Structure formats: structure tokens, C-alpha cells
Amino acid sequence: MQDSVSHTILCFGEVLLHFAPDSHGDWLNNQSMKTFVGGAEYNVASALTQWKNPVKLLSALPENFIGNQLENQLKNKGIEVLAEKNTGRIGTFYLSSDGDMQNASVVYDRFPSVFTQSDFSQFTFDEIFSEVKWLHISTITPALSENAYQKCVDLMQEAAKRNIIVSLDLNYRAALWKDRNPSKLIRKMMPFVNVLMGNIWSIQQFLEISIEYGLNGNFDDKNLLKQAEKSALEIQKQFPNVATVANTFRFTNGEKVNYYATLFENNELLISEKYYSEKVEERVGSGDSFMAALIHGKLKGSPSQKILEDATKVAFKKLFVKGDTIDESINIEKL
């Protein structure tokens with residue numbers, strides 16, 4: 001990797017506590033529940049710093065011992081923390097290890113929180129963007145508050161002025177948007193995006209780019225690839241600054257999973273190796289680890305097919321690592 005000073009990645013989003021009760025209720029008798037630090041942008045930041053990338057995390061933390069311990073934990077990982085501080089509480093969510101962030105098994109307790117109540121005015125753009133090469137945000141963050149949404153837009157605009165690469169992960173969480181239509185807000189962010197990650201369904205949800213091919217629900221449906229290419233072409237037509245569109249495809253049937261991904265850039269659809277497992281250990285954080293590997297590969301200057309293969313393998317391996325973030329077993333340089 002080149003001079004690290006010019007490759008700092010800035011992530012903006014909420015740091016959460018993830019409470020993971022076992023699905024059988026034994027935690028009540030044991031009086032013990034697993035707890036992880038999570039949040040989409042934090043998960044990306046954690047993986048990137050583990051792979052020796054310089055990372056900043058712009059967030060908000062409570063002004064109490066919980067906030068202090070979390071800040072120390074992030075710093076010990078090597079993450080530079082820019083944390084707005086106030087007397088609010090840390091956001092949380094409840095999800096067992098066999099639950100899925102995209103369905104009703106997740107229970108959010110993040111309104112209000114120190115992040116949703118913050119006005120994000122403490123740090124100047126010069127402080128925030130000092131030495132930054134890449135800005136990453138997910139669509140979870142603009143769903144949290146009007147201030148968070150406006151900060152996303154402001155950061156993206158400023159990043160564009162400074163020739164900083166901007167990536168956006170189209171994470172759709174129905175519980176966060178409730179009765180709102182997210183498309184109007186997210187489309188206002190898109191002119192500043194250079195690298196986009198999601199899937200054909202989240203693209204339809206956020207960008208109103210319809211799925212036009214009939215799909216049979218199987219992971220090997222060739223229409224998935226046709227739609228991935230068609231959606232990417234339409235994205236680039238509407239938002240010319242988007243140079244790269246990544247799609248992940250995870251098909252689960254009980255505990256079984258099929259997984260692969262595509263990358264569209266330079267008018268070409270690249271397809272990864274396909275992976276299969278009879279059992280999944282953890283459903284949280286796989287997409288975030290894919291995003292981290294994509295950023296890592298891009299900044300390293302790796303060939304596009306290698307970036308895609310590495311990101312897909314990292315994301316698949318994350319399905320067998322407990323908690324929200326990767327651990328030392330996933331070394332992107334030794335996959």
C-alpha cells in the first residue's frame with residue numbers, strides 16, 4: 001500500500017451495542033447475554049483498521065463511563081475517533097446469532113440515542129477531512145434523524161469538493177424507515193457517490209430502479225446477473241459519478257447458504273466464485289466486511305476481479321465468525 005497518510009478512510013455512522021440473547025431463552029436462567037460492539041460503519045472501520053488501513057470514525061458517544069469505555073475500545077483497535085459528546089444514551093439492538101438483520105427478528109432500541117440527538121457541529125470540515133482519501137456511509141445513517149441525514153449530504157458534498165472518493169452501502173432496514181419512502185432522500189445523496197454497494201432489491205427500494213427480469217428465487221438464476229448489469233447501467237445513466245456498482249447475493253434456506261457477488265465497472269459485469277455452506281454461524285456484518293474489502297482493494301490498486309474475489313471470500317468467511325465484526329482469522333492478505 002502507498003503512503004498511508006493519503007489513504008485514510010472516514011466512516012460516518014452510529015456505534016451501537018448489540019445484545020445477542022440465545023434464541024432458546026437460556027440467557028434468562030444463566031443471567032448472561034453476549035454483547036458486541038456494532039453499527040454498519042463501525043463494522044467497516046473495524047475491518048479496515050485490522051488490515052492496517054488508517055481509519056477515522058465520525059460518530060457520537062455518551063458523556064459517561066459507557067462512552068469512555070467504547071471510545072477507548074475503538075482507539076485500542078487503531079481507529080481515530082471523532083465523537084460528538086452529550087448526555088444521551090448509546091443506541092442498542094437485540095438479535096440472536098441465528099437472527100437476520102433484514103427481518104423482524106431484530107429489535108431496535110436506538111430512539112432516542114446520543115447519535116440521533118446530535119447536531120454534529122463539534123468538528124470542522126478541516127478536522128474531519130484532514131488526510132482523508134475515502135468517505136464511507138451506509139443508508140442506515142440518514143434514516144436515523146434529520147440531522148444525521150443532513151450531515152451525510154454535507155459530508156458528501158464537501159468530499160466531492162476535495163476530490164475524496166465517496167462510497168455508499170444501500171443497507172435497507174424496514175424498521176428504521178417505517179412508513180417513510182427513503183427514495184427521495186437517498187437519491188439526493190447519489191450525485192456525490194462514486195462506489196455503490198447493495199443488491200438489485202435494495203437498488204429498487206432506494207433508487208426506484210425496477211427489477212424487470214422474472215426471477216425464480218434460486219441463487220443460480222441467470223436473470224439475477226442480467227438484472228445486476230441492467231440496474232448498474234441505469235444507475236450510471238442517472239448518476240454518472242458512480243464508477244463502480246457491487247451487488248451481493250446471499251440466498252439462505254434454513255441454515256444453508258449460497259453466496260456470490262458481482263462488480264460492474266468500465267461497462268463490464270464481473271462475477272465472483274460461488275460459495276455454499278450447510279450451516280451459518282453468524283448473519284450480522286457480512287455485507288460490511290464485503291464493503292471493507294472493496295475499499296481496501298480499491299485503495300491498494302488491486303485488479304477489479306481480485307477485489308471482487310477477495311471481498312466475496314471475506315464476506316463469506318464472516319458468516320462463520322461470531323459478532324458484528326471480523327476477527328484475526330480473516331486476513332485479507334492471506335485468504
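Just so you know, residue 1 is the first one in the sequence shown, and it goes up from there. None of the values given here were measured: they were computed from a predicted structure.
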Under 4.5 Å between any side-chain heavy atoms of Ile200 and Ile211, yes or no?
-> yes
For this output row, return yes or no: ring centroids of Phe120 and Phe115 closer than 6.0 angstrom.
-> yes
Ser113 versus Glu14, side-chain donor and acceptor atoms under 3.5 Å = yes
Could you tell me which non-hydrogen atom of Ile271 sits nearest to which non-hydrogen atom of Glu309, and how far apart they are?
-> O-OE2, 3.8 Å
Go through the side-chain N and O atoms of Lys256 and Ser277 and say whether any donor and acceptor fall under 3.5 Å apart.
-> no
Closest non-hydrogen atom pair, Leu224 against Asn218 = CD1-O, 3.5 Å
Does NZ or CZ of Lys274 lie under 6.0 Å from the centre of the six-membered ring of Tyr260, at an angle within 45° of the ring axis?
-> yes
In short, Ser96 meets Pro21 closest at the heavy-atom pair CB-O, 3.0 Å
Donor-acceptor contact below 3.5 Å, side chain Ser118 vs main chain Val114 | no
Begin with the C-alpha distance, continue with both residues' side-chain angles, and end with the deciding distance and a verdict on salt bridge (Lys or Arg N to Asp or Glu O under 4.0 Å) for Lys298 and Glu265.
-> CA-CA 12 Å; Lys298 283 286 185 183; Glu265 57 186 13; 2.7 Å; yes
Under 3.5 Å, is there a donor-acceptor pair linking the side chains of Asp119 and Ser121?
-> yes
Side chain His18, main chain Leu95, donor-acceptor under 3.5 Å = yes
Going by atom types only, do Gln69 and Gln73 share a side-chain donor-acceptor pair under 3.5 Å?
-> no
Aromatic ring proximity Tyr172/Phe206, centre distance under 6.0 Å | yes
Check: Ser302 side chain, Ile307 main-chain N or O, donor-acceptor pair, under 3.5 Å = no
Checking Asn64 side chain against Gly67 main chain: does a donor-acceptor pair fall under 3.5 Å?
-> yes
Ser231 and side chain to side chain donor-acceptor pair (under 3.5 Å): which partner among Glu234, Gln227, Glu229?
-> Gln227
Looking only at atom types and distance, does a side-chain atom of Asn53 sit under 3.5 Å from a main-chain N or O of Thr49, one as donor and one as acceptor?
-> no
Evaluate whether atom NZ of Lys230 has more than 12 neighbouring non-hydrogen atoms of other residues, nucleotides or ligands under 6.0 angstrom away.
-> no
Side-chain touch Lys188/Tyr149, heavy atoms, less than 4.5 angstrom = yes
Ignoring hydrogens and angles, tell me if any N or O in the side chain of Ser286 forms a donor-acceptor pair with the backbone of Lys318 under 3.5 Å.
-> no
Has the side chain of His7 got a donor or acceptor atom that lies under 3.5 Å from a matching backbone atom of Leu299?
-> yes
Do the rings of Phe316 and Phe320 sit parallel, tilted or perpendicular, given the 30° and 60° boundaries?
-> perpendicular
Check ion pair Lys300-Glu333 (N to O, under 4.0 angstrom) | yes
Is Asp324 close to Val37 at the side-chain level, that is, under 4.5 Å between some pair of heavy atoms?
-> no
Are any of the side-chain heavy atoms of Val193 and Asn241 separated by less than 4.5 Å?
-> no
Got a donor-acceptor contact below 3.5 angstrom from the Lys56 side chain to the Thr8 backbone?
-> no
Any ion pair linking Arg162 and Glu158 (charged N to carboxylate O, less than 4.0 Å)?
-> yes
Check whether the ring centres of Tyr42 and Phe36 lie less than 6.0 Å apart, and answer yes or no.
-> no
pair Asn267-Leu233: side-chain heavy atoms closer than 4.5 Å = yes
State, to 0.1 Å, how close Thr92 and Arg89 come at their nearest heavy-atom pair, and which atoms those are.
-> OG1-NH2, 3.9 Å
Verdict with supporting geometry, Glu127 and Thr124, side-chain contact (heavy atoms from CB on, under 4.5 Å) | CA-CA 5 Å; Glu127 290 174 306; Thr124 67; 3.3 Å; yes
So does Lys322 pair up with Glu282, basic N to acidic O under 4.0 Å?
-> no
With a 4.5 Å limit on heavy-atom distance, are the side chains of Arg110 and Leu144 in contact?
-> yes
Quick one: closest heavy-atom pair of Cys152 and Thr141, and the distance?
-> SG-CG2, 3.6 Å
Within-4.5 Å side-chain heavy-atom neighbours: Asp288 and Ile326 | no
Donor-acceptor contact present, side-chain Gln236 to main-chain Val242, <3.5 Å | yes
So, Asp327 and Ser329: side-chain donor and acceptor under 3.5 Å apart, yes or no?
-> yes
Check ion pair Glu71-Lys85 (N to O, under 4.0 angstrom) | yes
Would you kindly say whether Ser167 and Trp134 are connected by a side-chain donor-acceptor distance under 3.5 Å?
-> yes
Check Ile128 against Leu82 and note the closest heavy-atom contact, atom names and distance.
-> CA-CD1, 3.9 Å
Assess whether side-chain contact (heavy atoms from CB on, under 4.5 Å) is satisfied between Leu61 and Ile90, documenting all intermediate values.
-> CA-CA 7 Å; Leu61 292 172; Ile90 195 75; 4.1 Å; yes
